[in-house]
Amino acid sequence: MDGRRRSQYQLTDETPVYVISVAAQLSGLHPQTLRQYDRLGLVSPDRTAGRGRRYSARDIELLRTVQALSQDEGINLAGIKRIIELENQVAALQQRVAELSSAVDGAAAVLRQREAQVHASYRRDLVPYQPPVPGNALVVWRPKRPQD
């Protein structure tokens with residue numbers, strides 16, 4: 001390494017770091033509105049051991065989306081909740097499709113590998129079959145049966 005210690009904690013968009021006052025300021029909403037959205041299940045921040053709310057960057061983005069849908073589009077909170085549920089469902093289904101597609105690709109690769117192994121195992125000392133050439137005659141000989 002380069003001499004600097006790396007932190008064992010990685011900050012992502014889903015890391016809950018913002019207290020309610022900071023989240024309210026970042027989202028442009030009143031803290032009481034954030035509490036209401038939490039009660040309605042629109043945004044579900046993580047909780048500390050003391051039950052304090054901690055919002056992630058993704059939560060803040062969702063709060064902004066809820067505000068835009070409510071104020072700009074005129075959608076009520078029940079409609080917004082349904083939209084969020086459907087978007088989450090679509091994201092989960094897209095993730096599942098990606099997983100299944102990856103599994104299919106893996107199975108296809110295994111199948112190709114097994115097929116190559118089978119082809120490699122063919123005996124090369126056998127005479128390959130050659131279809132008859134048109135115009136060649138085939139003669140069938142049958143011995144005479146003894147007469148009774």
Side-chain angles (χ1 to χ4, degrees), residues 1-140:
M1 295 192 97
D2 60 357
R4 292 181 287 176
R5 279 184 37 165
R6 291 190 135 176
S7 172
Q8 67 185 29
Y9 300 105
Q10 296 288 330
L11 288 178
T12 66
D13 285 348
E14 300 202 14
T15 305
V17 293
Y18 303 108
V19 294
I20 193 166
S21 59
V22 174
Q25 191 173 26
L26 291 172
S27 65
L29 298 170
H30 193 276
Q32 195 60 35
T33 305
L34 271 62
R35 289 184 189 95
Q36 180 186 9
Y37 288 174
D38 186 11
R39 279 192 300 277
L40 294 172
L42 294 172
V43 178
S44 300
D46 284 356
R47 300 287 182 147
T48 64
R51 301 294 296 151
R53 293 174 175 88
R54 291 291 184 269
Y55 292 86
S56 67
R58 182 161 296 187
D59 292 332
I60 304 256
E61 187 61 36
L62 185 56
L63 288 168
R64 291 177 182 157
T65 301
V66 169
Q67 180 187 26
L69 288 171
S70 176
Q71 292 179 355
D72 299 341
E73 303 295 329
I75 301 172
N76 65 20
L77 295 180
I80 293 172
K81 183 175 182 178
R82 184 67 178 139
I83 289 170
I84 292 169
E85 289 170 353
L86 290 172
E87 286 178 344
N88 290 339
Q89 186 178 9
V90 166
L93 290 172
Q94 287 173 334
Q95 175 64 31
R96 184 68 178 139
V97 166
E99 291 169 2
L100 292 173
S101 179
S102 177
V104 166
D105 291 343
V110 168
L111 185 62
R112 283 190 299 274
Q113 181 184 12
R114 287 184 183 167
E115 183 180 19
Q117 289 172 346
V118 167
H119 287 299
S121 72
Y122 291 161
R123 290 185 54 190
R124 303 288 186 228
D125 59 331
L126 297 177
V127 177
Y129 170 76
Q130 294 181 359
V133 178
N136 289 348
L138 177 64
V139 178
V140 177

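Numbers for residues simply follow the sequence, beginning at 1. It should be emphasised that the depicted structure is a prediction, and the values quoted were computed from it without experimental measurement.
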Could you tell me whether the side chains of Arg114 and Gln117 share a donor-acceptor contact shorter than 3.5 Å? no
Under the salt bridge (charged side-chain N to carboxylate O under 4.0 Å, His left out) test, residues paired with [X] that sit two or more places apart:
| X | answer |
| --- | --- |
| Glu14 | Arg58 |
| Arg64 | Glu61 |
| Glu73 | none |
| Glu87 | none |

Would you mind reporting whether Leu62 and Tyr37 have side-chain heavy atoms less than 4.5 Å apart? no
Heavy atoms of Ser27 and Leu63 approach each other most closely as CB-CB, 3.8 Å
Non-neighbouring partners of Ser102 that pass side-chain hydrogen bond (donor to acceptor under 3.5 Å, both in side chains), sequence neighbours left out: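 Scan of Ser102 (side-chain hydrogen bond (donor to acceptor under 3.5 Å, both in side chains), adjacent residues dropped) gives none.
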Non-neighbouring partners of Ser56 that pass side-chain hydrogen bond (donor to acceptor under 3.5 Å, both in side chains), sequence neighbours left out: Asp59
Give every donor-acceptor pair under 3.5 Å between a side-chain atom in residues 43-52 and any protein atom, sequence neighbours left out.
residue : atom : partner : partner atom : Å
Arg47   : NH1  : Arg51   : O            : 3.0
Arg47   : NH2  : Asp38   : OD2          : 2.7
Thr48   : OG1  : Gly50   : N            : 3.4
Thr48   : OG1  : Gly52   : N            : 3.0

With [X], which residues qualify under side chain to side chain contact (heavy atoms under 4.5 Å, CB included), at least two apart?
| X | result |
| --- | --- |
| Leu93 | Gln89 |
| Ala24 | Pro31, Leu34 |
| Gln94 | Val90 |
| Arg82 | Glu85, Leu86 |

With sequence neighbours excluded, what pairs up with His119 under the ring-ring contact (aromatic ring centres under 6.0 Å, His included) test?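 Checked His119 against ring-ring contact (aromatic ring centres under 6.0 Å, His included); matches are Tyr122.
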Hey, does the side chain of Ser70 reach the backbone of Val66 with a donor-acceptor pair shorter than 3.5 angstrom?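 No; zero donor-acceptor contacts below 3.5 Å.
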Once rounded to the nearest 0.5 Å, what's the spacing between atom CD1 of Ile83 and atom CD1 of Ile75?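 With rounding to 0.5 Å, CD1 (Ile83) is 4.0 Å from CD1 (Ile75).
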OG1-CD1 distance between Thr65 and Ile84, expressed to the nearest 0.5 angstrom: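 So the gap between those two atoms works out to 7.5 Å.
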Test side chain to side chain contact (heavy atoms under 4.5 Å, CB included) on Arg54 and Val19; report intermediate values, then the result. CA-CA 5 Å; Arg54 291 291 184 269; Val19 294; 3.2 Å; yes
Under 4.0 Å between a Lys/Arg side-chain N and an Asp/Glu carboxylate O for Glu99 and Arg96? yes
Pair Lys81, Leu40 - check side chain to side chain contact (heavy atoms under 4.5 Å, CB included), show working. CA-CA 8 Å; Lys81 183 175 182 178; Leu40 294 172; 5.7 Å; no
Consider side-chain hydrogen bond (donor to acceptor under 3.5 Å, both in side chains). Of His30, Gln36, Arg35, which one does Gln32 pass it with? Arg35
